[in-house]
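Both counts, for ligands and for their atoms, begin at 1 and track the order of listing. Bear in mind the structure is a predicted one, so any value in this text is a computation, not a measurement. Both backbone and side-chain heavy atoms feed into the values below; hydrogens, waters and symmetry mates do not. For the single chain, residues carry numbers from 1 onward in sequence order.
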Amino acid sequence: MSHNTQAINKTRQNLSEFEEIWLFGYGSLIYKVDFPILDQSQAYIQGWTRRFWQGSHDHRGTPEKPGRVLTLINAPDEICHGMAYRVSHEVFDHLDHREKNGYLRFETDLVFNSKKTIKGLVYIAPEDNDAFLGPASEQQIAQHIFNSKGPSGENKEYVLKLAKALRQLNLVDSHVFAIETWLNQFETETQNN
Ligand code: BEZ
């Protein structure tokens, strides 16, 4: 699959059929809300887990030296906690452009803290997209992130901002926090050399 998914996403859902549009954020959408929202609430989705397995050619890396950013990976026994935003359909022009590097919009059930469940949307970069990098050890992923930067800034900033935002929401993600710990260690080692 081509890694520019902007045009494909336009054809994926008929947003006018949604009574309300709720978008689930699990990564940069948690700490960078650069679009108008009508409401927001913590929520989770079932059967998915965060992994820094997607290459970033346009934000935290370049086509020659991609960074590593999040996607969601199927994990039947896991729950991914994040933030759900109620939005109007106009925001998708902006978001489909922002997340065009391999991410497709999928429909999913969002579960709110009240246990109310509603159909929503989530951007996921599937394994068959051209920018997908796949697994590596958390130390290797952190080393890669430590050495990457792109038009949106240093790749490590993505991880550090997300980890901080998750803590502010009282959320725990062992993968994100392990990579944050490695990044802090690399930073200390760099300063001591
Ligand atoms: C998110 O935060 O939900 C998100 C992460 C990566 C790409 C698109 C959206």
Side-chain angles (χ1 to χ4, degrees), residues 1-10 12-13 15 21-37 39-61 66-75 78-87 91-112 118-134 141 145 148 150-153 155-169 171 173 175-176 179-180:
M1 194 218 325
S2 143
H3 54 245
N4 189 338
T5 46
Q6 190 173 7
I8 303 172
N9 273 323
K10 297 270 165 282
R12 281 177 71 82
Q13 289 97 21
L15 296 177
I21 309 176
W22 283 89
L23 172 66
F24 181 75
Y26 58 92
S28 60
L29 289 183
I30 293 185
Y31 68 81
K32 187 176 177 193
V33 186
D34 59 354
F35 51 93
I37 60 171
D39 198 358
Q40 74 181 81
S41 179
Q42 280 194 46
Y44 65 81
I45 59 175
Q46 260 165 334
W48 297 96
T49 192
R50 292 177 182 84
R51 288 291 180 268
F52 286 95
W53 290 4
Q54 173 66 4
S56 175
H57 297 196
D58 55 350
H59 285 298
R60 301 295 178 167
R68 271 188 180 262
V69 289
L70 283 175
T71 185
L72 293 177
I73 301 296
N74 264 133
E78 305 254 356
I79 281 175
C80 178
H81 290 269
M83 186 61 79
Y85 303 101
R86 186 159 72 84
V87 294
V91 303
F92 290 97
D93 282 343
H94 167 64
L95 288 173
D96 288 348
H97 176 75
R98 171 175 152 180
E99 309 303 352
K100 64 185 181 307
N101 192 206
Y103 293 88
L104 293 175
R105 280 193 242 135
F106 289 87
E107 285 184 38
T108 188
D109 281 342
L110 308 188
V111 186
F112 293 101
I118 199 164
K119 185 174 70 165
L121 296 172
V122 61
Y123 285 97
I124 297 174
E127 296 188 12
D128 65 353
N129 86 86
D130 291 348
F132 191 76
L133 294 174
I141 289 175
I145 289 172
S148 299
S152 298
N155 202 170
K156 65 185 176 198
E157 182 192 37
Y158 177 107
V159 182
L160 301 179
K161 281 189 170 175
L162 176 64
K164 187 174 170 194
L166 290 176
R167 281 199 191 88
Q168 282 169 348
L169 296 169
L171 298 178
D173 188 301
H175 181 65
V176 175
I179 288 167
E180 178 198 35

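Checked by distance only, ligand 1 and L29 come closer than 3.5 Å through their nitrogen or oxygen atoms. For ligand 1, the polar-atom distance check against G27 finds a nitrogen or oxygen pair separated by under 3.5 Å.
In terms of protein heavy-atom proximity, atom 8 (C) of ligand 1 is nearest to E99 CD, 3.3 Å.
Between the side chains of Y103 and N9, no donor-acceptor pair is found at a separation under 3.5 Å. In this structure, a donor-acceptor pair under 3.5 Å is present between the side chains of Q54 and N129.
Of the listed residues (Y85, Y26, Y103), the one carrying the non-hydrogen atom nearest atom 3 (O) of ligand 1 is Y26.
Tested against W22, the residues T108, V87, V122, D39 include a single side-chain contact (heavy atoms from CB on, under 4.5 Å) partner, D39. For the side-chain contact (heavy atoms from CB on, under 4.5 Å) test with V159, the passing option among I179, L70, V69, I141 is I179; the others fail.
Residue F24 approaches ligand 1 through these ligand atoms, each under 4.0 Å from one of its heavy atoms: 3 (O). Taking a cut-off of under 4.0 Å to the non-hydrogen atoms of S28, the atoms of ligand 1 that pass are 2 (O).
Under the side chain to side chain donor-acceptor pair (under 3.5 Å) criterion, D34 pairs with H94, R98, not counting sequence neighbours.
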